[in-house]
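These notes are about the structure you will find just below.
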Amino acid sequence: MEFNSKDITKKWQDEWRKEAIFEPKLNASKKKFFITVPFPYPSGSMHLGHMYTWTRADIYARFMRMRGYNVLFPQAFHFTGGPIMGMTQKVKERDQKTIETFRKQGVSEADLNRFAEDPKALAEYFTASFKEDFDNIGMSIDWRRKFITTSLSPYFSRFISWQFNKLKALGLITEGKHPVVWCPKEATPLGDHDRTEGEGESPQKFTIIKFRYGDFVFPAATLRPETVFGATNLWINPDGEYSAVKVGAERWIISKDSEDKLTNQFSSLGKAAPVKIADFLGKDVINPMTGEKLPIEPAGFVDTKIGTGVVMSVPMHAPLDFYGVSKLIRDGHVLKPKKVIDVQDEKNIVEDSIKKFGETSEGLKDATKFVYKKEFNYGVMNSNAGAFSGIAVKEVDGPICNALKDKNSYAEMYELTGKVICRCGARGIVKILEKQWFIRYSDKSWKDKARRLIEKLKVYPEEVRSQLLNTLDWLEDKATARKGGLGTPLPWDPEWIIEPLSDSTIYMAYYTIANKIEKLDLKSLTDNVFDYIFLDGKEKPKNDSAAFEELKREFEYWYPLDMRVSAKELLQNHFIFFLMNHAAIFEEKYWPRGIQINGWLTVSGEKLSKSKGATLTIKKGLETYGADQLRMVAAAGNGMDDVEWDPAAINAFDQRIGFIFEILQTCKNLKGDDKLIDRYLISKINRAIEESTDSLENFRYGSALASMFFGMYNEIKLYLELGGDSKDTVQRFLSTFIKLNHPVFPHVTEELNRHSQNETLLEGSAWPSFNPDETNALIENEFKILLNTVDDIKNVIKIIKKQPEKIAIGISNKENFDIYNKVVSEASKTKNAIEIRKNLRMNSKLLDKLLKNPNKLPEMQLEEDLENNVFLQAVEYLKRTFKCEVTIERRTKEDKSLPGKPSINIL
RNA sequence: GCAGGGGUAGCGAAGCGGUCAAACGCGUAAGGCUUAGGACCUUAUGAUUCAGGUCUUCGAGGGUUCGAAUCCCUCCUCCUGCACCA
């Protein structure tokens, strides 16, 4: 009988659906397990890269189902934000690449026309396409709970409104201003993906210190306000163009180049009038912190494009300033440089660093970096810093800025960390958005709560935990709404639409009620109702109370979320928000319990992108390879490793499954008795159960596969080769193999299971249990010795280059075994060969040999009889392998035989 | 720049203080099967030796230890994220 794994896929999918196995019901007597994957954007066809993460989740869902859990694995779709609108726009503009991709994926011209008109049509088309692909690849998803986001889905929108009202009531939403990278031509924020140049560049805050000269203010922009105590003078570029600008009641002198920039950052900026900067040279300004008079000096190195074009000179802490000031002093100016920061072991850090890096402009730049870093990390303010003396540089920024504010000498501005060019060609600038809604992720007590959550969380792989905790440290407030795109409006300010990373943080709770809530009257769903359902709100809603009670029971049964599965790029954004929002809104008992982070599926080392994805769609993959075959790819990775798409590996699957099927059919005819090899195989079966259970549980699917699939396959082959022929053992093997592999290869294993006269579905059947009493390390070890000996014999035959007539294998004598076992027991106490020899007090060649290499001390006890029997029972196998007479003898006197290493005589 | 994670055979990887020349998979080679190819089966796949031996490797360099791919330090290099962008 032929076994075609592709033909049976649909059959079993239908069977599972018919039994509604993926649609779990509340069952208080059963442990539940709730697992999710972040919802996808249905803005194109699903490709193999998508499949990777979902398959990993599905394997877990099926694994837990077999272990007796009531598993909920729902899936919704994200319509919020730009991706879907973006695609619509591209179709509308007839973007060639997009149109081509869609056509390849089988989108008709009529559909394309609909997409151009309506983002919803596009999203719904691909939602259906995703769902179909999910089903075809065997995802055990509960589709009753499917929903979409945005105001297109009023019930979900209501839920999001509740969430945001809740955050606001908790004081976690504020309104404020915010610097963004901005395209002046398109008048929109410039995200990384909108740039042709300058990815990763961001606004950097500069402190502006106001130095006054009469009515004028010289605003020096600096990254290091703490050095103000050591300022000797100001620098301006004598060849630069400068202007006087009204800022409030003040008149600022700034470079002409910085006018535009500041216009976007200061709403109160007045008209600019050019000034002759040379007129100010040599005039004295007042240092607001020290009251000292500082002269304005010329310097060609001042870049009028950076900051305000006015620079504070701090020679003892800035190599460039040191260089300039030294020159002035040589020319007879009276300037008195002073140090305000001390760093241990660095007396003259600026001078030394200039010597080290050289006086070229490149060298001075490097020296500057070096000094900044050193002083920031290790510096302490000294007595020249007055009240700030003794404070570490790291901590002093805030207090000094406050002091400057008190003296009305503080302002701030932003500068890009590098050049940014928009796709439209315009050069990006920093703009301060004056009115913007924020989630206060910087809130310290909120972070503390989140920290507690993360410490209790199960994290796979474990390394991810420290990354989450570290992310908390730098996490700042996040803008949470914007003016355009799809989404749910902010309930109190509906001009603003909640952005995608913010409306996807606690929606897993919505899954628990998604299949029931839409039957209720939308109008009845007040915030009080959600409070009642999710937060145990005191106030029991009056209308429809039975229905609400039911929702509450569902939530309380299924929550918290047990596992969230996703790829590594979401870790420091989505996951951190997801965890923080749960910490803020839900009671501790409903905090998430686990997350899994995986890598990507790569092709020639690169992540599957939209363009590559177009050719590696699920539909194509299913046609070419089959569902279980694709699933095997997802099971290849451990931890956060990326997995390379390797279709060649799929051969290994078909071939081995074919072999298992063959055994399944022939094993009925077996009639043998139990032998040592049966005990060996039973022991190995138990090892496979133990190992693969542990690996699956920890999302180490690559290891699980090596054990339960490849490992078990190799063991049954060995068993049969060594003459194993017990029907019971083989059937035991088969049923274990089939069950262990079911989470990864659900279709094929159901088929194999049915062929073994088993009428019940594997889905829902019990996971094999590990029985330590059936393992036998001694026997396993002896079979390993047998195989090693076979290798040795082959090796020798190769060397002597002749077909042997007879092979005599000698098992070592009792005396040797005794010595060997004594060494083993000593070696369990100490690995020190000298000590072992001291403890054993005996002379023996064997002992010398065993102790020769302390790295290779024997670790496992051996039994003479067992070794003898294993070889005796393998005689037929040995004869077959070497095609000659083979004898097994016990050696009474010394020959080359050692315990665990029989002697070989080839004649 | 900051934070986190990696660098092991031709490739993907396992091992994370002691039977490690390195599981498992892929690839490659030889033989078998076949009209032939594919598939499949068997064997080999660090170097050297030619009676089961020996030597050398785990990004580079130092250190700790009887013993290090595994622990510590320095350096090189790759990947991920750094927010209004999903």
Side-chain angles (χ1 to χ4, degrees), chain A residues 38 40-41 43 78 80-83 86 178 180-181 189-194 200 202 204 369 373 417 433 436-438 441 461 463-471 473-482 499-502 504 567-574 576-577 597 599-600 605 607 632 636-644 646-652 654-655 658-659 700 702-703 705-707 709-711 713-714 781 784 788-789 791-801 827 830-835 853-860 896 900-906:
Chain A
Y41 290 86
S43 62
H78 208 187
T80 312
H178 185 57
V180 292
V181 183
L190 258 181
D192 266 346
H193 58 289
D194 301 323
S202 59
Q204 183 177 32
K369 256 191 190 168
K373 207 171 160 183
T417 50
L433 296 178
Q436 175 66 275
W437 291 103
F438 289 92
Y441 288 125
E463 301 95 82
V464 165
R465 190 189 311 275
S466 59
Q467 201 170 350
L468 287 171
L469 290 170
N470 275 308
T471 305
D473 289 340
W474 58 256
L475 203 65
E476 286 165 29
D477 292 351
K478 177 174 187 331
T480 188
R482 59 162 97 142
E499 59 85 38
L501 278 172
S502 298
S504 60
K568 54 189 172 185
E569 75 272 17
L570 293 187
L571 185 61
Q572 280 167 108
N573 39 63
H574 167 72
I576 206 85
F577 302 144
I597 307 294
W600 299 320
K607 188 186 176 188
M632 186 167 87
N638 287 328
M640 275 196 292
D641 301 334
D642 294 339
V643 166
E644 177 72 12
D646 181 11
I650 288 172
N651 276 338
D654 291 329
Q655 184 268 111
F659 184 74
R700 302 177 52 76
S703 301
L705 213 54
S707 164
F709 188 70
F710 295 109
Y713 166 82
N714 289 342
N781 193 33
K784 200 170 160 192
N788 285 344
T789 308
D791 274 351
D792 285 345
I793 296 172
K794 279 181 191 162
N795 201 0
V796 174
I797 291 174
K798 207 167 96 188
I799 289 164
I800 60 173
K801 290 193 181 102
T830 172
K831 298 289 182 184
N832 192 324
I834 298 163
E835 222 156 283
N853 187 347
N855 254 335
K856 293 191 171 170
L857 287 170
E859 279 185 340
M860 196 176 291
K896 276 196 148 181
K901 198 152 178 97
S903 65
I904 303 163
N905 283 299
I906 296 176

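Being a predicted model, the structure only gives us computed values, none of them experimental.
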So CG of A:Leu475 and CD of A:Gln572: to nearest 0.5 Å the spacing works out to 10.0 Å
Start at the 5' end of RNA chain B and walk down; is the nucleotide closest to A:Thr80 or to A:Pro902 reached first? A:Pro902
Touch class at under 4.0 angstrom, heavy-atom based, for A:Leu468 against every strand present: nothing
Could you go over nucleotides 22-29 of chain B and give all protein N or O partners under 3.5 Å, atom names and distances?
| residue | atom | partner | partner atom | Å |
| --- | --- | --- | --- | --- |
| B:G25 | OP1 | A:Arg656 | NH2 | 3.1 |
| B:C26 | O2' | A:Asp646 | OD2 | 3.4 |

Heavy-atom closest pair, residues A:Met632 and A:Leu705: CG-CD2, 3.8 Å
Distance, C1' atom - from B:G15 to B:C58, rounded to whole angstrom: 10 Å
I'd like the C1' distance from B:A9 over to B:G17, given in whole Å. 23 Å
I need the CG-P distance between A:Asn573 and B:A83, as an integer number of Å. 10 Å
Which value, rounded to the nearest 0.5 Å, describes the distance between A:Asn781 atom CG and A:Asn788 atom CG? 9.0 Å
Value in whole Å for how far the C1' atom of B:G4 lies from NZ of A:Lys568: 11 Å
Atom-pair distance (CD1 on A:Ile576; P on B:G4), nearest Å: 13 Å
Round to a whole Å and report the spacing from CD1 of A:Ile793 to P of B:G52. 14 Å
Integer angstrom distance from the C1' of B:U48 to that of B:U42: 26 Å
Applying ring pair (Phe, Tyr, Trp, His ring centres under 6.0 Å) to A:Tyr441 and not counting sequence neighbours gives A:Trp446, A:Phe577
Quick check on RNA chain B: between A:Lys901 and A:Ser466, whose nearest nucleotide comes earlier from the 5' end? A:Ser466
So which protein nitrogen or oxygen atoms get under 3.5 Å of nucleotides 42-44 of chain B's nitrogens or oxygens?
| residue | atom | partner | partner atom | Å |
| --- | --- | --- | --- | --- |
| B:U42 | OP1 | A:Lys717 | NZ | 3.0 |

How many angstroms lie between atom CD of A:Glu499 and atom NZ of A:Lys478, to the nearest 0.5 angstrom? 3.5 Å
For B:A83 and B:C2, measure between their P atoms and round to the nearest Å. 16 Å
Think A:Arg465 has a side-chain N or O under 4.0 angstrom from the OP1 or OP2 of B:A3? no
Write down the distance separating the C1' atoms in B:A36 and B:U43, rounded off to the nearest Å. 24 Å
Grab the CG-C1' distance between A:Asn788 and B:U19 for me, whole Å please. 9 Å
Looking across every strand, which nucleic acid part, if any, lies under 4.0 Å from A:Ser504 by heavy atom: base, sugar-phosphate, or nothing? nothing
Got a second to check how far A:Ile797's CD1 is from A:Ile906's CD1, nearest 0.5 Å? 5.0 Å
Which pair of heavy atoms, one from A:Leu571 and one from A:Ile597, lies closest together, and at what distance? CD1-CD1, 3.6 Å
Side chain of A:Lys478: nearest nucleotide among B:U19, B:C85, B:U80? B:C85
Watson-Crick or G-U wobble mate for B:C26, both contacts under 3.5 Å: B:G10
Nearest-angstrom distance from the residue atom CG of A:Leu475 to C1' of B:G81: 12 Å
Where do A:Phe438 and A:Glu476 land on the side chain to side chain contact (heavy atoms under 4.5 Å, CB included) test, with the steps shown first? CA-CA 10 Å; A:Phe438 289 92; A:Glu476 286 165 29; over 6 Å; no
Which base, if any, makes a Watson-Crick or G-U wobble pair with B:U34, both distances under 3.5 Å? none
Identify the nucleotide, in any strand shown, that forms a Watson-Crick or G-U wobble pair with B:A3, with both distances under 3.5 Å; if there is none, say none. B:U80
Nearest listed nucleotide, side chain of A:Gln467, among B:U80, B:C84, B:A51: B:U80
Nearest-angstrom distance, P atom, B:U65 to B:G10: 34 Å
Determine whether A:Pro500 and A:His574 make a side-chain contact, defined as any pair of heavy atoms from C-beta on separated by less than 4.5 Å. no
Going by purine N1 to pyrimidine N3 plus the second Watson-Crick contact, or the G-U wobble pair, all under 3.5 Å, which nucleotide sits opposite B:A47? B:U54
Between P on B:C85 and CZ on A:Phe577, what's the gap in Å once rounded to a whole number? 13 Å
What nucleotide among B:U80, B:C84, B:A83 has an atom nearest to a side-chain atom of A:Trp474? B:A83
Under a 3.5 Å limit for both distances, which nucleotide forms a Watson-Crick or G-U wobble pair with B:C85, could you say? none
Counting only side-chain N and O atoms of A:Asn470, is one of them less than 4.0 Å from OP1 or OP2 of B:G4? yes
Interatomic distance at C1', B:U28 relative to B:G46, whole Å: 15 Å
Base-pairing assignment for B:A39 (Watson-Crick or G-U wobble, both under 3.5 Å): none
I need the CD1-P distance between A:Ile904 and B:A51, as an integer number of Å. 13 Å
Minimum-distance pair of heavy atoms, taken over all atoms of A:Pro83 and A:Ser43: O-CB, 4.1 Å
State the pairing partner of B:U70; accept Watson-Crick or G-U wobble contacts with both distances under 3.5 Å, and report none otherwise. none
Do A:Ser504 and A:Thr80 make a side-chain contact, defined as non-hydrogen atoms from C-beta onward lying under 4.5 Å apart? no
CA sep, side-chain torsions, deciding dist, call: A:Val180, A:Gln436, side chain to side chain contact (heavy atoms under 4.5 Å, CB included): CA-CA 11 Å; A:Val180 292; A:Gln436 175 66 275; over 6 Å; no
Suppose you measure atom P in B:G27 against the same atom in B:A21; what distance do you get, rounded to whole Å? 27 Å
